[in-house]
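Note that ligands are numbered from 1 as they come in the structure, with each ligand's atoms numbered from 1 the same way. Since the model is a prediction, treat every value here as computed from it, not as a measurement.
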Amino acid sequence: MLPSPAVATPQPVVMPGLTPNVAGRWRGVPAPVGDSAIGREAADSRVTGPAALAAGGCCAWPLPLDASCAREARWVFREAVACLGLPDDQVHDGVTMASELAANTLHALQNVAFDGTARWPEAGAPELWLYLRRREGRWELVCKVFDSLAGWKHGPPPGTGRTRPQTESGRGLQVVAGLSGGRWGHHLTRSRLGGWKVPGKAVWFAQPVAAECVPAGLGHTRLRPCHASRRLEAMLADRGLGGSLLHAEEAAAGISVLSVRRGLTVWCRSGRISWRTRAGSYEHRTLTDLEDVVEQIVCLCEELDCGYGAGRTGRDRVR
Ligand SMILES: Nc1ncnc2c1ncn2[C@@H]1O[C@H](COP(=O)(O)OP(=O)(O)OP(=O)(O)O)[C@@H](O)[C@H]1O
Ligand SMILES: [Mg+2]
């Protein structure tokens, strides 16, 4: 079993028998919400342990900087999704894909920051993220592996074309593409753990989750627009985007507006959250799909910071 989740001041907890130094010495967890003006509604958005998955949040876990990262990812994936009761085949596929993505973080360790006195990372180390989201009315489990290299080891993103039989490497992403049925991708983002929020990328895959596997209550959660936007504000601040957030309420009209930065505004209305993409179209999510909204907004901010043109995006918006 995984340890019980940390709620107010989440910290990765030492996992028995598994690289305790990585999880136990990880520093710089998000600030406690007790004194925050955001208030109690935000508290559950700060849960980062495995229980976060069942609560509609994100399970974020630090990965080791050595070859044991794949083993740890397999273990965390299996333990964290146990609460969903997914079919064995699906769990097995998910474990395999998580393992491949974790192993690939070894291609991307050059931006990890150490504090100079210890061998343990201060920021920028790889992380495994798991959360549930809804796409076109259906639930899916999203697994993302973060690393602090925004680009790829050899420049352009690797293709997943066929590898010659005698080639020894280059199959990991093919496996992910195959087992996910093409439901995978990569995008710019920021770390969740560590001493400060480091830009980088996430490589992800998604698996469908049958309605009967969705944790009780999650599908029926109701959230008022003002609460959704306050929670969103806290979650974006947690990702290091708090500096320019502006919040406005039109309570009588049931609208809450969050300006993230110039040209990026999020509207929370009854039933849904909307924002405008760089391409000019609008994206919509249900009010309770906050984890996914935050991921999309963080990605947009990173793309803007990197000066991406409207035509160049990661694959997070694949439908
Ligand atoms: N997270 C990453 N950061 C930077 N480059 C990456 C990352 N993941 C993959 N790559 C690049 O994409 C290539 C293809 O990855 P892929 O997992 O398919 O093969 P591989 O890791 O080289 O070999 P293996 O078959 O053992 O997985 C890698 O060789 C590497 O150049
Ligand atoms: Mg690989």
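With respect to Glu127 and Arg190, no salt bridge is recorded, no charged nitrogen being found less than 4.0 Å from a carboxylate O. Taking a cutoff of 4.0 Å between a charged side-chain nitrogen and a carboxylate oxygen, Arg224 and Glu249 do not qualify as a salt bridge.
Side-chain atoms of His187 and Glu295, non-hydrogen and from C-beta on, do get closer than 4.5 Å to each other. For the pair Arg133 and Arg285, the minimum side-chain heavy-atom distance is 4.5 Å or more. Annotation: side chain of Trp204 is in contact with side chain of Arg183 (closest heavy-atom distance under 4.5 Å).
Atoms NZ and CG, from Lys144 and Leu101 in turn, are 12.0 Å apart once rounded to the nearest 0.5 Å.
Near His154, with a cut-off below 4.0 Å to any heavy atom, the atoms of ligand 1 are 31 (O). Heavy-atom contacts of Gly172 reach the following atoms of ligand 1: 16 (P), 17 (O), 18 (O), 19 (O), 24 (P), 25 (O), 27 (O) (cutoff under 4.0 Å). Applying the 4.0 Å criterion to heavy atoms of Ala108 picks out, from ligand 1, the atoms 3 (N). Taking a cut-off of under 4.0 Å to the non-hydrogen atoms of Arg171, the atoms of ligand 1 that pass are 18 (O), 19 (O), 24 (P), 25 (O). Distances below 4.0 Å separate heavy atoms of Glu100 from the following atoms of ligand 1: 27 (O). Listed by number with element, the atoms of ligand 1 under 4.0 Å from a non-hydrogen atom of Lys153 are 4 (C), 5 (N), 31 (O).
With a 4.0 Å heavy-atom cut-off, ligand 1 is reached by the backbone of Asn104 and by its side chain too.
Checked by distance only, ligand 1 and Leu149 stay at 3.5 Å or farther apart across all their nitrogen or oxygen atoms. Close N/O approach between Trp152 and ligand 1 is not found [any backbone or side-chain N/O within under 3.5 Å]. Between Leu173 and ligand 1, at least one N/O pair is under 3.5 Å apart. Between His107 and ligand 1, a contact under 3.5 Å exists for at least one N or O pair.
A donor-acceptor pair is defined here as one N or O able to donate and one able to accept, closer than 3.5 Å; such a pair exists between the side chain of Lys201 and the backbone of Leu149.
Taking the six-membered ring for Trp and thresholds of 30 and 60 degrees, Tyr282 and His284 have nearly parallel ring planes, at less than 30 degrees apart.
Ordered by chain and number, Asn104 OD1 make up the set of protein N, O or S atoms under 2.8 Å of the Mg ion (ligand 2).
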| said: Quick one, His107 with Asp147, criterion side chain to side chain contact (heavy atoms under 4.5 Å, CB included). Give me CA distance, side-chain angles, the key distance, then yes/no. | reply: CA-CA 9 Å; His107 294 301; Asp147 66 60; over 6 Å; no
| task | In sequence, state the C-alpha distance, the side-chain angles, and the governing distance for Phe77 and Met97, and then conclude on side chain to side chain contact (heavy atoms under 4.5 Å, CB included). | result | CA-CA 10 Å; Phe77 185 96; Met97 292 188 276; over 6 Å; no
| said: side chain to side chain contact (heavy atoms under 4.5 Å, CB included) for Glu291 and Trp129? Distances and angles first, verdict last. | reply: CA-CA 11 Å; Glu291 280 299 339; Trp129 305 338; over 6 Å; no
Exercise answer: donor-acceptor pairs, residues 261-272 side-chain atoms, under 3.5 Å, sequence neighbours excluded:
residue : atom : partner : partner atom : Å
Arg261  : NH1  : Cys301  : O            : 3.4
Arg261  : NH1  : Asp305  : OD1          : 3.0
Arg261  : NH2  : Asp305  : OD1          : 3.1

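Of all the listed residues (Gln174, Gln110, Lys201), Lys201 holds the heavy atom that lies closest to atom 2 (C) of ligand 1.
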